[in-house]
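Each remark here refers to the structure printed beneath this line.
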Amino acid sequence: MPKTTSPREDSFHLDVVALRQTVDNTGNPRAAVALAVVEEFGGWVGLTPREASGVPDWNAAAADEFDLLAAPIDADECDRLLLIIEELPGMPDTRLLVHFATDGMPRVRVLRGKVGDDTLAIRIMGRILMPPQERMTAANDNTPPEPIDPWAQHASPALPPGLLPPVLEEFARTEAGIIGVDPGGVAAAALAVCAAAIPDRIKLRVKKHDEGWHESARLWVALVGNPSAKKSPVINITTHPLKEIDGELFAEFVKRKRLYDALPPDARAAEAPPSNTRIRLEDTTIEAAQEILRDSPDGLLCIRDELSGWFGSMEKYAAGRGSAVDRSFWLQAFNGGSYTINRINRGSVWIDNLSISLLGGIQPDPMRRIAAELQDDGLLQRLFPIVMQPAGVGLDVPVPPVVAQFAMLVRRLHALKPPITGKLPIETTLRFSEAAQAIRSDLAERHHRMATGWEAVNTKLAAHIGKYDGLFARLCVVFHAVEHAEQLLPAEVSEDTARRASEFLHRFLFKHAVAFYSDVLGLSDRHDAVLATAGFILSKGLKEITARDVMRGDRIMRNLKPADVEAVLDTLDGYGWLEPQLSLRRDARRWAVRPEVHTMFERKAAAEKARRAEVRALIASTLSK
């Protein structure tokens, strides 16, 4: 294959297949780790040329002089393997070259991006690909010298092309241009709308041999951004078709209710009142929602322009009921299934299927406050957060045909029936094809590694990743239904559908989750304390730090408990700032500050000193009056 300077998207799947065959044929550890990296993060596989001495020429590879892998290679050729990764999660606008040392572990070189991105890349890879007991030590032992910048910000990840069903991608990109927003926000909102439109009777049996685990198309999406991100226009344009259907359902109910009320008393007593089936829910109490859901077994979409009110409603209730009841209701609504209400005044109410998809917007500052006070029961982690960039100026153009196509798609999804099997029209569940089931099984292992790896740094993100097995299945239901909305729904979810849903989850949704849990909430648990401690180290020029030093720092640091202090210092160790020192006593643990920290963050140190001096001067001037 000729040399290339821009690996093509259509070559990606070919070289992964060739790499997998290399692993199967040779069992070479380099090839095995390379396969794990490329399947985890995506990218292209290449073969570097050799120098005259016979060793791989990595300088040539860094200059984009390599062959794309097109066929399996022998074990003795595996030292030439390299990967080209675009935009590792949390590092947008970055291209990384990954090659392998004699121990088979990845080494990273930045081809495009910020200085220090190779450090972050190798740490993320180390946490996910290595055994749990080795992650924290390996993060320091196997990385270049530059520490991670805890103040770094991650851009809103772009929507990858060619993964969504075509009508959804065209709708997202077209409407994004008209509104002037990032297509990713429109795409995620459209997915939530489609998920709500698909009847809950359409279920996917997730595992081949587990008859108890089924998933319906039910998604929660939160558009996160400042007012300039135009979250409300995105919500309005994507939910418009669903609102039209809901209006028609309500008009039909009013008509039937009028006829029912006009019946003579005897006839009315002998006939069941008309059901009020709905598909939309907006600002309301859970009591009103329960009444609607009693007649809406196929689920509905809760639309909240401001999710801060939705979160806030669970933390206070005028009648004295605790927030746990509201939270229990919403956690069940995410899972689906039957639900009962027993009230003294209202009696008992049975809901066949408590199922709600969710779409709303929220600003970063309220989200940070809510996340800090929220009970850690997994409610937040059920959301797909989409971090939206500030919007630009939209276009004043005629309504494009794809808007009507999207509206028609929503109607077809709402009318969709489960697949049928046998000679008699018996409804059945969706199932993965054998190849799609293999993808699901591989993802289960991958998600376990990811959750375990991130747990050491960010437990909220790790808990979010822990939902990915079910969320992947739900995405597959949506993709499958959208692509077969104009025909009888096939019972088998194809390998192609599972692959694209997997890539959409990991190349887009996961990247937004990293941006959300790092930039909006803070990369690590107690991120404010991590930043305060990092600033304390810089402002004091410390060469060594102890837990006692931290607890003598600023207000944030002084409020920490001893266990929290150690967690903060262990996080900075994971960031490459500190190196733990041997100690015979646990209560006298010490960490050495790596010299590179003061070199890299010299300007930040000066700014931190000035900030702390200004605070002291302000306090002194206030007290002297």
Side-chain angles (χ1 to χ4, degrees), residues 1-88 94-112 118 121-122 124-126 128-131 138 142 144 162 434-435 438-439 441-443 445-446 449 495-496 498-500 502-503 506-507:
M1 181 178 290
K3 300 293 188 290
T4 177
T5 57
S6 180
R8 302 189 314 275
E9 184 74 20
D10 59 1
S11 69
F12 171 70
H13 306 295
L14 177 64
D15 59 31
V16 173
V17 170
L19 181 57
R20 186 175 291 111
Q21 291 175 342
T22 295
V23 174
D24 293 340
N25 294 344
T26 68
N28 184 278
R30 274 198 191 88
V33 177
L35 180 62
V37 172
V38 76
E39 286 188 331
E40 188 72 40
F41 304 108
W44 294 272
V45 186
L47 294 175
T48 179
R50 290 191 183 278
E51 297 178 355
S53 61
V55 300
D57 187 349
W58 299 111
N59 290 329
D64 281 342
E65 295 180 14
F66 53 84
D67 292 315
L68 290 180
L69 182 62
I73 59 175
D74 296 332
D76 58 359
E77 291 286 293
C78 288
D79 65 335
R80 298 171 58 208
L81 284 171
L82 60 94
L83 308 179
I84 303 91
I85 298 178
E86 304 277 357
E87 297 188 351
L88 197 71
T94 300
R95 175 185 276 192
L96 303 166
L97 176 70
V98 184
H99 53 89
F100 304 89
T102 55
D103 59 4
M105 286 309 301
R107 301 294 189 266
V108 178
R109 182 178 304 177
V110 176
L111 301 185
R112 183 183 69 236
D118 51 350
I122 196 65
I124 292 174
M125 290 178 186
I128 294 175
L129 297 175
M130 300 175 69
N142 293 311
E434 288 294 332
I439 291 175
S441 181
D442 289 344
L443 283 177
E445 296 181 8
R446 176 179 178 180
R449 294 197 309 270
E495 176 186 12
D496 178 67
R499 176 190 59 77
R500 286 184 293 104
S502 168
E503 292 192 25
H506 288 272
R507 293 173 57 189

* To do: Take L82 and V98 through the side-chain contact (heavy atoms from CB on, under 4.5 Å) test and state the conclusion after the steps.
  => CA-CA 5 Å; L82 60 94; V98 184; over 6 Å; no
* To do: Take E77 and R30, measure what salt bridge (Lys or Arg N to Asp or Glu O under 4.0 Å) needs, and give me the verdict at the end.
  => CA-CA 10 Å; E77 291 286 293; R30 274 198 191 88; over 6 Å; no
* Asked: Is there a side-chain contact (heavy atoms from CB on, under 4.5 Å) between L81 and L19 once you walk through the steps?
  -> CA-CA 9 Å; L81 284 171; L19 181 57; 4.0 Å; yes
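Scanning all heavy atoms of the two residues, the minimum distance from A31 to T22 falls at CB-CG2, 4.0 Å. When all heavy atoms of G43 and V38 are compared, the pair lying nearest together is O-CG2, 3.6 Å. Here the closest non-hydrogen pair linking I439 and S502 is CG2-CB, 4.4 Å. Between R500 and G162 the shortest heavy-atom distance is CD-O, 3.8 Å. For the pair L35 and R20, the tightest heavy-atom approach, listed with the atom from each and the gap, is CD2-CA, 4.0 Å. Across all non-hydrogen atoms, the minimal contact from T26 to A75 is CG2-N, 3.5 Å.
Rounded to the nearest 0.5 angstrom, L97 CG and L83 CG are separated by 8.0 Å. The CD atom of Q21 sits 9.5 Å away from the CG atom of L69 when rounded to the nearest 0.5 Å.
Of the possible donor and acceptor atoms, one in the side chain of T48 sits under 3.5 Å from a partner among the backbone N and O of D57. Without hydrogens or angle criteria, D15 side chain to L68 main chain gives no donor-acceptor distance under 3.5 Å.
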